[in-house]
Amino acid sequence: MKDPVIVSTGITYDRESIDKWLFSGKNNSCPVTKQVITETDLTPNHTLRRLIQSWCTLNASYGVERIPTPKPPICKSEIEKLIKDSSSSHQNQVKCLKRLRQIVSENTTNKRCLEAAEVPEFLAKIVSSSVDTYNSPSPSLSSSNLNELCQSNMLENRFDSSRSLMDEALSILYHLDTSETALKSLLNNKKGTNLVKTLTKIMQRGIYESRAYATLILKKILEVADPMQIILLERELFNEVVQILHDQISHKATKSAMQILVIICPWGRNRHKAVEAGAISMMIELVMDDTFSSERRNSEMAMVVLDMLTQCAEGRADFLNHGAAIAVVSKKILRVSQVTSERAVRVLLSVGRFCATPSLLQEMLQLGVVAKLCLVLQVSCGNKTKEKAKELLKLHARVWRESPCVPRNMYASYPA
């Protein structure tokens, strides 16, 4: 115990540990008494800290180091003054962001204090205004005019300054670990700042690091969004999410982009937007990538997205247009996890149910899909997966009976 603090129930804990319990773990009860902690302010237990420091001093000969006296947590009024002073000049804004980064890195209590002082809104405003500045059209300039050249240089400097501010604010906003309540407040901003649109623009034009942060923050925001807000998402966002997956700028960004598609694709309109953005082909290409698919969760999410997108006609058409789609999906059955197997069978069933032609079913047979489905029925996997596999096999049998084009010995080697 390095920084003992007392919670409202009267029990003393180490500050870092109780911070994690209350804020990172999203608990609201005292671990010892199980009572609800009504006040989140933590009171330093100076007496116990001095006793611990004295014990450390007495046992210094045994190699025990004396714990330093912890810094007092930042207060809300100091942060509010910092934000207020930042509005006077660009230099003050830079100083403010540097100080905020330092405060965020110290402890979880500071993060909660920053949130109480509406720092997330302040950072979102900086990001939004910087993006607007960078996207504003520059005037047409003549190289023969010295004044115009000076204006051009000033404009470039202004853009660079705005971009550096944006990058710094974006980084702090991500590391702030904003609570669900604050994220909803950012999403439902009444001051005209559309953070989702702003993050989409950064994903489109920002540097790699900023694009990654924008993707990570967007995922957090969409997790707390209402269904109607998700349904009304613009096509541009889908294009940028797929582009992030294509560029694979970082492991975290790729994973967050996948999670974004899982969040936004259950709704019908969004499926069409995702398909138009090229999500089907991107999922298949990612699953084919050994580096990506070596992680079980990645394969599961890819199959979940494919399952949702093949529930619309455009998605099924896109899926069939990809030459490796059926082979890639069937290969994942019984090789990754139960979730992956179930979703892969669902994908093949969606395609088979609505697009069943003798040539398609023959392709499935040649690729070993029928053999895999027969194996699914014999091994211990989920009942839902077995039901879907059985339905798809019945579909094969029906088309086989009804189509004169299918060779009679096609299924000879498989159980009746």
Side-chain angles (χ1 to χ4, degrees), residues 231 238 242 245 258 260-288 293 298-377 381-403 406 411:
I231 290 170
F238 292 82
V242 172
L245 290 171
M258 290 292 298
I260 289 171
L261 289 178
V262 172
I263 293 168
I264 64 181
C265 286
W267 284 269
R269 293 179 184 176
N270 287 351
R271 290 173 191 161
H272 298 292
K273 297 172 190 174
V275 170
E276 288 177 4
I280 290 274
S281 297
M282 184 50 58
M283 291 302 107
I284 296 166
E285 296 298 327
L286 287 172
V287 174
M288 290 170 67
S293 58
N298 287 344
S299 293
E300 289 177 348
M301 287 193 292
M303 287 302 157
V304 168
V305 174
L306 283 174
D307 177 26
M308 289 188 286
L309 297 184
T310 51
Q311 290 176 30
C312 68
E314 294 88 346
R316 291 189 291 273
D318 242 28
F319 182 86
L320 292 174
N321 284 336
H322 195 291
I326 294 174
V328 167
V329 171
S330 63
K331 185 180 178 182
K332 293 299 174 183
I333 298 174
L334 300 177
R335 295 188 65 173
V336 182
S337 67
Q338 187 169 319
V339 172
T340 306
S341 296
E342 181 185 342
R343 294 291 183 161
V345 171
R346 282 169 60 103
V347 169
L348 294 174
L349 179 60
S350 291
V351 174
R353 184 185 289 160
F354 296 100
C355 310
T357 61
S359 59
L360 173 63
L361 298 182
Q362 188 168 356
E363 181 186 354
M364 285 186 174
L365 181 67
Q366 291 170 344
L367 291 171
V369 175
V370 175
K372 272 282 182 76
L373 296 174
C374 291
L375 192 57
V376 165
L377 298 179
C381 59
N383 289 331
K384 288 184 178 179
T385 308
K386 289 188 176 184
E387 288 172 8
K388 300 294 181 186
K390 195 179 293 184
E391 187 177 345
L392 187 51
L393 284 170
K394 286 179 179 178
L395 184 65
H396 272 263
R398 179 173 58 79
V399 174
W400 173 63
R401 286 195 301 267
E402 295 174 358
S403 176
V406 179
Y411 296 89

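Given the structure is predicted, the values throughout are model-derived calculations rather than measurements. Numbering starts at 1 and runs along the sequence shown.
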Any residue meeting side chain to side chain contact (heavy atoms under 4.5 Å, CB included) with K390, in chain and number order, not counting sequence neighbours
L377, K394
To the nearest 0.5 Å, atom SG of C312 lies from atom CZ of F354 at 11.0 Å
Show the nearest heavy-atom pair for residues E342 and T385, with the distance to one decimal.
CB-OG1, 3.2 Å
So I280 and H322, side chain to side chain contact (heavy atoms under 4.5 Å, CB included) or not? Walk me through it.
CA-CA 9 Å; I280 290 274; H322 195 291; 5.6 Å; no
Check whether N270 reaches the backbone of I264 with its side chain - one donor and one acceptor, N or O, closer than 3.5 Å.
yes
Do the non-hydrogen side-chain atoms of D318 and E314 ever get within less than 4.5 Å of each other?
no
CG on L373 to CD1 on I333, rounded to 0.5 Å
5.5 Å
According to salt bridge (charged side-chain N to carboxylate O under 4.0 Å, His left out), does anything in residues 267-282 pair up with another residue at least two apart or in another chain? List the pairs.
R235-E276
List the steps and the verdict of side chain to side chain contact (heavy atoms under 4.5 Å, CB included) for K384 and R346.
CA-CA 10 Å; K384 288 184 178 179; R346 282 169 60 103; over 6 Å; no
Could you tell me whether the side chain of V262 reaches within less than 4.5 Å of the side chain of M258, counting heavy atoms only?
no
Please name the pair of heavy atoms, one in A389 and one in V345, separated by the smallest distance, quoted to 0.1 Å.
N-CG1, 3.6 Å
Side chain to side chain contact (heavy atoms under 4.5 Å, CB included) evaluation trace for L245 with L261:
CA-CA 11 Å; L245 290 171; L261 289 178; 3.7 Å; yes
Check the pair M303, V287 against side chain to side chain contact (heavy atoms under 4.5 Å, CB included), reporting the backbone distance first and the verdict last.
CA-CA 9 Å; M303 287 302 157; V287 174; 4.2 Å; yes
Could you pull out the closest heavy-atom pair between A274 and L309, with the gap in Å?
CB-CD2, 3.8 Å
Does K372 NZ have over 12 foreign heavy atoms under 6.0 Å away?
yes
Contact summary for I284 and A325, nearest pair of heavy atoms:
CD1-CB, 3.5 Å
Taken to the nearest 0.5 Å, the spacing of E387 CD from L349 CG works out to 11.5 Å
Just how far is it from atom CE of M308 to atom CH2 of W267, taken to the nearest 0.5 Å?
9.5 Å
Looking only at heavy atoms, the pair that brings R335 and S341 closest together is N-OG, 4.5 Å
Apply the salt bridge (Lys or Arg N to Asp or Glu O under 4.0 Å) test between D307 and each candidate in R343, R316, K332; give the one that qualifies.
R343
What are the two closest heavy atoms between T340 and S299, and how far apart are they?
OG1-C, 4.2 Å
Near N383 CG, under 6.0 Å, is it more than 12 heavy atoms from other residues, nucleotides or ligands?
no
Contact between I326 and L320 at the side-chain level, heavy atoms closer than 4.5 Å - yes or no?
yes
